[in-house]
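Position 1 is the first residue of the sequence; numbering continues from there.
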Amino acid sequence: MRMIASSAKIHPSSAIEGGAVIGENVKIGPFCHIGPNVVLADEVEILSHVTVIGRTTVGKGTKIFPGAVIGGDSQSMHHSALNTTLVIGENCTIREGVTMNTGTVEHGGATIVGDNNLFLAYSHVAHDCRLGNNIILSNNVMLAGHVTVADRAILGGGSAVHQFTRIGRQAFIGGLSAVSYDVIPYGMLNGNPGLLSGLNVVGMTRAGFDRSTIHRVRRCYKQIFEGDGSIRANAAAICDEYLDCAPALEILDFIAAESDRALSSPNRGAKG
């Protein structure tokens, strides 16, 4: 049985399968397909020729543009589709041709997307990804499985992210970059292979960091990546120095955390 709020507006050419839940003031345009395990929260807007399938929940106020396929099975070679999910937060904008997959049983079963994110045309979010809030994926960005992207990160057009990679808060990834290793919070990465090219100072300024804080984070960055030891050893040696500087400490904690990938650096081949 379908559960469709009386205020929902659905074009007669669209197919809403039994079991779907459609919230208040939802708008569904022509030639859309909504699967039986889909939940569309209040005020979701789906334009035309959109497919939402799988065990997918779309948060309040999210808008999906033509040609998007949301909630398709994982493309993993070892995929098991049983009861896996995709959860999309509130007020996201999902542009033309975007694809997002559900998770895999083998790795927790859920792909999770936060609030207020912008996905430009033909970007892809693969199985078991975890995305925070206020993120921008530009056109043709490709996230492989199990990628983690923290709040306010921006990924330039055509960039590709290797599976299991972490991208830290407010990092900036240049267009056409190949992201093979973890990117620190506030880091800027460019190129193929992708190399760190400093800090996202513009983004930090826009986020309200004052000049003295940015200077301290720059100093921390230099100590980590230009010191005599390895990246991790350099970072561990200066932790006490930055206990009163939240963004620097966030970088140090990110480096100290366990990860399946190595760390991006200004010269990936020089240090581990």
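- A cation-pi arrangement is found for R166 relative to F254, the charged atom lying closer than 6.0 Å to the ring centre and inside a 45° cone about the ring normal.
- The two residues Y221 and P266 have their closest heavy-atom pair at OH-CG, 3.5 Å.
- Interatomic distance, H162 NE2 to M142 CE, rounded to the nearest 0.5 Å: 13.0 Å.
- A distance of 6.5 Å separates CG in N134 from CG in N117, rounded to the nearest 0.5 Å.
- Counting only N and O atoms by type, the side chains of E250 and Y242 include no donor and acceptor under 3.5 Å apart.
- Under the 4.5 Å side-chain contact rule for hydrophobic residues, I251 and I214 share a cluster.
- Taking 4.5 Å as the limit, every side-chain heavy atom of I112 sits out of range of all side-chain heavy atoms of L131.
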Walk me through it: do L86 and N101 pass the test side-chain contact (heavy atoms from CB on, under 4.5 Å)? CA-CA 7 Å; L86 166 65; N101 296 153; over 6 Å; no

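- Of all the heavy atoms in S76 and S74, the pair that sits closest is N-OG, 2.9 Å.
- The pair D244-R216 meets the salt-bridge criterion, since a charged nitrogen lies less than 4.0 angstrom from a carboxylate oxygen.
- When hydrophobic clusters are built by joining Ile, Leu, Val, Met, Phe, Trp and Tyr residues whose side-chain heavy atoms come closer than 4.5 Å, directly or via intermediates, F209 is grouped together with V217.
- Side chains of S177 and S159: a donor-acceptor N/O pair is absent below 3.5 angstrom, by distance only.
- For the 3.5 Å distance criterion, the side chains of T99 and H124 qualify, holding a donor opposite an acceptor.
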(message) Set out, in order, the CA-CA distance, both residues' side-chain angles and the distance that settles side-chain contact (heavy atoms from CB on, under 4.5 Å) for V161 and I167, then state yes or no.
(response) CA-CA 9 Å; V161 184; I167 296 178; 3.9 Å; yes

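- The cationic atom of R95 (NZ for Lys, CZ for Arg) lies less than 6.0 Å from the six-membered ring centre of F65 and within 45° of the ring axis.
- N190 and S197 share a donor-acceptor pair across their side chains, judged by distance under 3.5 Å alone.
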T205 vs R211, side-chain contact (heavy atoms from CB on, under 4.5 Å): CA-CA, chis, key distance, verdict: CA-CA 8 Å; T205 302; R211 183 175 296 180; over 6 Å; no

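- Placement of V58 and I16 within a single hydrophobic cluster is found when ILVMFWY residues are connected by side-chain heavy-atom separations under 4.5 Å, directly or transitively.
- When every heavy atom of G109 is checked against every heavy atom of D128, the shortest pair comes out as N-OD1, 3.8 Å.
- Contact check for I88 versus T57: no side-chain heavy atoms found under the 4.5 Å cut-off.
- Between V147 and A144, the shortest heavy-atom contact is CG2-O, 3.2 Å.
- Note that the CE atom of M204 and the CZ atom of R169 stand 11.0 Å from one another [nearest 0.5 Å].
- R261 contributes a side-chain N or O that, together with a main-chain N or O of S180, makes up a donor-acceptor pair within less than 3.5 Å.
- A distance of 14.0 Å separates CD in Q223 from CD1 in I231, rounded to the nearest 0.5 Å.
- Here the side chains of I70 and I53 are not in contact, with every heavy-atom distance at 4.5 Å or above.
- Under the 4.5 Å side-chain heavy-atom criterion for Ile, Leu, Val, Met, Phe, Trp and Tyr, L120 and V50 are members of distinct hydrophobic clusters.
- At least one donor-acceptor pair closer than 3.5 Å links the side chain of D115 to the backbone N or O of E90.
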Derivation of the side-chain contact (heavy atoms from CB on, under 4.5 Å) call for F172 and V183: CA-CA 9 Å; F172 183 91; V183 181; over 6 Å; no

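- Between G157 and S138, the closest heavy-atom pair is N-CB, 3.4 Å.
- Between the side chain of S123 and the main chain of V98, no donor-acceptor pair closer than 3.5 Å is present.
- Side chain to side chain, T165 and D182 fail the donor-acceptor criterion of an N or O pair below 3.5 Å.
- T102 places no side-chain N or O within donor-acceptor distance of the main-chain N or O of G54, the cut-off being under 3.5 Å.
- Distance check, rounded to the nearest 0.5 Å: CZ of F119 to CG of L137 gives 6.0 Å.
- Between T213 and C245, the shortest heavy-atom distance links the atoms CG2-SG, 4.3 Å.
- T111 places a side-chain N or O within 3.5 Å of a backbone atom of G103 that can act as its donor or acceptor partner.
- By the criterion of side-chain heavy atoms lying less than 4.5 angstrom apart, applied directly or through intervening Ile, Leu, Val, Met, Phe, Trp or Tyr residues, L118 is not grouped with L155; the two fall into different hydrophobic clusters.
- Within the 3.5 Å criterion, the main-chain N or O of C92 finds a donor-acceptor partner in the side chain of T62.
- For CZ of R218, the number of neighbouring non-hydrogen atoms (other residues, nucleotides, ligands) closer than 6.0 Å is 12 at most.
- The aromatic rings of H107 and F164 sit perpendicular, their planes meeting at an angle over 60°, well past the 30° parallel limit.
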Just distance, no hydrogens or angles: give the donor-acceptor pairs under 3.5 Å from side chains in residues 19-44, sequence neighbours left out.
residue, atom, partner, partner atom, Å
E24, OE1, S7, OG, 2.3
H33, NE2, E17, OE2, 2.6
D42, OD1, E24, N, 2.8

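- When only modelled atom types and interatomic distance are considered, S265 and N267 share no side-chain donor-acceptor pair under 3.5 Å.
- Put simply, NE2 on H127 and OG1 on T84 are 10.5 Å apart, with the number rounded to the nearest 0.5 Å.
- Side-chain contact annotation: R152 with Y186, donor-acceptor N/O pair under 3.5 Å absent.
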